[in-house]
Novice: 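My questions will all concern the structure given below.
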Amino acid sequence: MSSLTQSPAWRALAEHHKCLAQTSIADLFARDPQRFEQFSLEAAGIYADYSKNLITPVTLDLLVALAREAGVEEKRRAMFAGERINITEKRPVLHVALRERSGAPIVVDGEDVVPHVQAVLAQMRRFTDAVRTGVWRGYTGRPITDVVNIGIGGSDLGPRMVCEALKPYAHEQLTLHFVSNVDGADITQVLKTVDLETTLFVISSKTFTTRETLINARTARAWLISGGAPESAVAQHFVAVSTNAEAVTAFGIDTANMFGFWDWVGGRYSLWSAIGLPIALQVGMDAFESLLAGAYAMDQHFLQAPLTRNLPVLLALIGIWHINFCGLTSHLIAPYDRYLHRLPAYLQQLDMESNGKSIALTGERVDYATGPVIWGEPGTNGQHAFFQLLHQGSSVIPADVIACMQPHHALDVHHEILLANCFAQTEALMKGSHVPDEPHRSFDGNRPTNTICVDRLAPASLGALIALYEHKVFVQGAVWNINSFDQWGVELGKRLAVQIEQEIGAAEAPLTHDSSTNNLISRFKARRRQQIEPSL
Ligand code: F6P
């Protein structure tokens, strides 16, 4: 048995759950109608109402005690101090350095990294200003009208989500596109819509070895050249964002057109670095700096607020209550804002690639649940898709709903209906309703939600919101005593894919897999070029 599940706080929480399970969230509101005052908090412009959870002051006290026993405060200090907390890759975890505003030094290997961060930001500003003002031109002398980011995972999800979220702040004449999937349809669809004379490709890859990204980048390069551009045009139509200058050069991009970052920035934590170049191209560097400032404000709150009034800590601990004591291992993200429609996909990588682990820092297998399954779609669409299960399904799924008080449009009626639905859903999920003699029309209720509000979806509030989730994930990983910053689980699939790719490409190749995989490879090789009658 792990020290965590044997800890006094864990055992007290298990006992506490037995008692609390006899009541309901609605009962807790009946006992204290103003409970939202005690179970809500505002920090760095983010307001969170977590009162619609089956928690009491005792629950939170015990959860905070668990966090203390797990050494969350010490682990937080170590992260901000640049210690090598990513123990399997022997790296610091310093995405917070990318948005440090105080000027205080952050030292890695004896060197203050803040000046290097500032230098890259200055390089980004020069470049994005040049592109956005038409100073930077394509090989025929025309200004850039389209930017295509080629990247995957953290080199796609963060920039793509933020660009979607900040569309109201976008440059009028610059259109951002994102290519991530190696499926040829992805890049084909984008290249159909852009003009090679006015298109800039941003090849984003921390390692610059990711096969999907390099294949797409080569296809983009071939498209440019086959479209009539000279080889020299690559310099005007391709820039790279990476930590690997050697691989960038080998691809054929001049390192003068490269924006660097560092191995102490995890891919899923990298949108604050030059990986955020597409964001800065779309909204400008001033807005990008506001995004950083919003995240910095949340960093300061996370660092300074007591655990009992610390928003990332509280959301993390309520999640641990759900996962480890209520047995709820799925978590819905339902933004009630169309601009945040890519937030669930972004949070999937942030949370599931960070905490989808089952080996503790000690090297032992954990004997408790860890990272939840994160999923979601915007409301109100979700209400017409999967909310049925949320209300009457056999699985109870905690949800975060995210609402913006002020929209970027003038359709007030629309916004009133949107927010009315947002609030109604959390009420319905909490209260339920019982129709006498009508079990099919009754609702259990007692289904937990957090309501997270920003006044307006702007660069600063978005930055704070993202940092809130980054630190929530950090705290959960710290309590679970896992390494939230490596991702060895993706390596096996990559290795097998390279082997199968070679077998597919060879006319005759001995298949060495299980019969299912061998059969699938053979079927593909036999059928991929057969004439298939086009049918509607
Ligand atoms: O999914 C594995 C992973 O390494 C992610 O952690 C990363 O964000 C993604 O692949 C892309 O990696 P890179 O930015 O090095 O191309």
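Atoms within a ligand are numbered from 1 in the order they appear, just like the ligands themselves.
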Novice: With a cut-off of 6.0 Å (strictly less than), are more than 12 heavy atoms of other residues, nucleotides or ligands near CD of Glu246?
Specialist: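 No, because the 6.0 Å sphere around CD of Glu246 holds 12 heavy atoms or fewer from other groups.
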Novice: Would you mind reporting whether Arg221 and His237 have side-chain heavy atoms less than 4.5 Å apart?
Specialist: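 Contact flag for His237/Arg221 side chains = no.
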Novice: Suppose we measure from atom 4 (O) of ligand 1 to each protein heavy atom; which comes out shortest, and what is that distance?
Specialist: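 Looking at atom 4 (O) of ligand 1, the protein heavy atom closest to it is Lys494 NZ, 4.1 Å.
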Novice: Show me which atoms of ligand 1 lie under 4.0 Å from any heavy atom of Gly154.
Specialist: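 Ligand 1 atoms under the 4.0 Å threshold to Gly154: 7 (C), 8 (O).
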Novice: Ignoring angles and geometry beyond distance, decide whether Lys206 reaches within less than 3.5 Å of ligand 1 through its nitrogen or oxygen atoms.
Specialist: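 Looking only at distances, the answer is yes, because the N/O contact criterion of under 3.5 Å is met.
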Novice: Any chance CD of Gln123 has more than 12 other-residue heavy atoms, nucleotides or ligands included, within less than 6.0 Å?
Specialist: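 Yes.
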Novice: Between Asp156 (side chain) and Ser180 (backbone), is there a donor-acceptor pair under 3.5 Å?
Specialist: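 Not a single qualifying donor-acceptor pair exists.
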Novice: Can you tell me the protein heavy atom closest to atom 11 (C) of ligand 1 and the distance?
Specialist: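 Checked against all protein heavy atoms, atom 11 (C) of ligand 1 sits closest to Ile152 O, 3.3 Å.
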Novice: Once you restrict to heavy atoms under 4.0 Å, what part of Val490 touches ligand 1? Side chain, backbone, both or neither.
Specialist: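 The part of Val490 near ligand 1 is the side chain, not the backbone.
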Novice: Which residue holds the protein heavy atom closest to atom 14 (O) of ligand 1, what is that atom called, and what is the gap in Å?
Specialist: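 Of the protein heavy atoms, Ser155 OG, 2.6 Å lies nearest.
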Novice: Closest non-hydrogen protein atom to atom 6 (O) of ligand 1, residue and atom name please, with distance?
Specialist: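 So the nearest neighbour among protein heavy atoms is Glu353 OE1, 2.7 Å.
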Novice: Can you find an N or O of Gln349 that's nearer than 3.5 Å to an N or O of ligand 1?
Specialist: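 N/O-N/O distance below 3.5 Å exists for this pair.
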Novice: To the closest 0.5 Å, what do you measure between CG (Leu277) and CZ (Phe288)?
Specialist: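 Output value for this atom pair is 8.5 Å.
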Novice: Indicate yes or no for a side-chain donor-acceptor contact from Asp337 to the backbone of Cys404 under 3.5 Å, with no hydrogens or angles considered.
Specialist: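 No; zero donor-acceptor contacts below 3.5 Å.
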Novice: Of Thr209, Ile203, Thr210, which has the heavy atom at the shortest distance from atom 12 (O) of ligand 1?
Specialist: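 Answer by nearest heavy atom: Thr210.
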Novice: Are Lys206 and Asp263 within salt-bridge range, i.e. N to O under 4.0 Å?
Specialist: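 Salt bridge flag = no for Asp263 with Lys206.
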